[in-house]
Amino acid sequence: MLINIQIIIGLLSISLLLFTLELIRKKRLREEYSILWLSTGLATLIFSLAPMFFLTNFFSRITGLYYLSAAVLIIFLFLLLIVLHFSVVISKLTDRNKDLAQRHALLELELNELKKRTLSSSASP
Amino acid sequence: MVEQKIAIIIPAFNEEASVGEVIERVHRQFPRGDVVVINDGSTDLTSEKARANQATVLDLPFNLGIGGAMQTGYRYAYEKGYDISIQVDADGQHDPAEIPKLLEPLEAGRADMVVGSRFVGESKYRASIMRRLGISLLSGVISIINRQIITDPTSGFRAVNRRAMELFVADYPQDYPEPEVLVLMGRCRLKIEEVAVRIDPRFYGESSITRIRSAYYMIKVLLAIFVDIFKRRPILKEEGRIC
């Protein structure tokens, strides 16, 4: 029973690690996020290698985790936090994007007026 | 007294059919004002039509929505030293001949923002029951929060002085800004006054708020207003103080 889940989680975490490494290699992931996802992959890999250690020994004494479903819940909450964090990041980016667009429009107008002025002054010296 | 510099800000998103005529009417009926069109990432000829009618045009690289567009206009007016900014919609429902009515309370120093209201005094404005119900619910909520009667919170026909512009440069709500701005003004202790204006039916097209979307609009705006009450007040950049 447990061995099946071990294999599935193990394979998932290995592919997560490989996928993360590939994204880093292609520079599609910023450093802060690559560390986050690498450690997530590593943590699940370790968990899949020795789940009984986490579910029975010292770990369960700290966390009160005695069932695999409880571990899944923890992972779910972790992912929820990450998603929330991303919403915050996206909000900040949207705000900055808006400021940039506005600044861009103001500067473009300034530039066009400057161009017009230099053109007219060079046309009639 | 020195003549005050007045900017007429016209936010426009795909309004090529009406924007030219609106600018033309402003030039004719309120020649004192400098017309600034904010082209909010239009995919039609809005920008070209506005330029052809001797307006200053600010082209946003992509669509920001009415809030982002208006804020661009306020930033421009503030940086260029305008004393008063007036928002006029590009669909032609605001009559430029009514602008002097908006100016009077500002010039008398009674208000920081003057809103042209469809419901002050005698009004010929007719809307569907649902729309009027929505507007009165909004006006009730905002009147309570601001401790001041606001009859027409969704009107976009408004004039502001430099104090209000300074606030809008720092913070301006984005999606459906008209009602939210009133709450923001109230929180920053800026004064609002309403005057009666005539609002024409639109030249072209429909309101951006259709019947299906109006329920969504109401929920969104009420939620935004509710959140606004708990938000930290914005910091004014120029003076580095809280509004």
Side-chain angles (χ1 to χ4, degrees), chain A residues 19 22-37 73-125, chain B residues 7 9-13 34-42 46-48 50-52 54-82 85 165 168-177 224 227-228 231-232 234-235 237:
Chain A
F19 190 55
E22 179 65 9
L23 286 178
I24 295 168
R25 204 179 59 81
K26 283 185 185 161
K27 293 180 181 164
R28 297 251 302 268
L29 211 54
R30 281 172 58 88
E31 208 168 323
E32 57 204 277
Y33 300 121
S34 59
I35 291 167
L36 178 76
W37 286 113
L73 183 70
I74 297 285
I75 292 168
F76 176 73
L77 287 178
F78 173 70
L79 290 178
L80 209 63
L81 274 181
I82 291 184
V83 171
L84 188 64
H85 169 69
F86 284 170
S87 300
V88 172
V89 172
I90 291 170
S91 303
K92 197 165 80 183
L93 284 177
T94 309
D95 248 22
R96 289 182 177 173
N97 196 34
K98 181 208 76 185
D99 281 347
L100 270 180
Q102 292 177 336
R103 183 63 31 212
H104 169 99
L106 292 167
L107 286 176
E108 196 177 47
L109 176 68
E110 201 85 7
L111 179 68
N112 286 339
E113 280 176 356
L114 207 64
K115 267 189 202 158
K116 223 182 289 169
R117 222 174 305 152
T118 40
L119 268 180
S120 59
S121 66
S122 62
S124 53
Chain B
I9 303 174
I10 305 178
F13 174 54
D34 296 339
V35 180
V36 184
V37 172
I38 318 297
N39 167 31
D40 192 8
S42 300
T46 300
S47 181
E48 288 77 4
R51 268 174 235 276
Q54 273 81 44
T56 302
V57 180
L58 281 158
D59 288 304
L60 287 168
F62 41 80
N63 185 263
L64 288 184
I66 173 76
M70 269 320 289
Q71 192 180 30
T72 312
Y74 288 130
R75 289 201 159 145
Y76 175 82
Y78 189 76
E79 283 175 17
K80 293 286 174 183
Y82 281 94
S85 292
M165 273 190 258
F168 296 163
V169 167
D171 191 7
Y172 198 77
Q174 296 301 310
D175 283 346
Y176 303 102
V227 171
D228 282 345
K231 266 193 203 157
R232 238 179 287 169
I235 295 164
K237 224 180 276 171

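Values in this document were obtained by computation on a predicted structure and should not be read as measured data. Residue numbers begin at 1 in each chain, while the letters A, B, ... track the order of the sequences.
- Taking CG of A:Leu106 as the start and CG of B:Asp59 as the end, the distance is 11.5 Å to the nearest 0.5 Å.
- To the nearest 0.5 Å, the span separating CG on A:Asp99 from CZ on B:Arg75 amounts to 4.5 Å.
- Heavy-atom neighbours of A:Phe86 CZ from other residues, nucleotides or ligands within 6.0 Å: above the threshold of 12.
- Contact of B:Gln71 with chain A is made through backbone and side chain together, with heavy-atom distances under 4.5 Å.
- Two residues are said to be in side-chain contact when any heavy atoms from C-beta on lie closer than 4.5 Å; A:Leu109 and B:Val57 fail this criterion.
- In this structure, CD on B:Glu79 lies 8.0 Å from CD on A:Glu110, to the nearest 0.5 angstrom.
- Among the candidates A:Gln102, A:His104, A:Lys98, the residue making the largest number of heavy-atom pairs closer than 4.5 Å to chain B is A:Gln102.
- Annotation for A:Glu31: atom CD does not count as buried by contact number, only 12 or fewer foreign heavy atoms lying within 6.0 Å.
- Considering every non-hydrogen atom in both A:Ala101 and B:Pro61, the closest pair reads O-CD, 3.6 Å.
- The two residues B:Leu58 and A:Ala105 come nearest to each other via the heavy atoms CD2-O, 3.3 Å.
- Both the backbone and the side chain of B:Leu60 come within less than 4.5 Å of a heavy atom in chain A.
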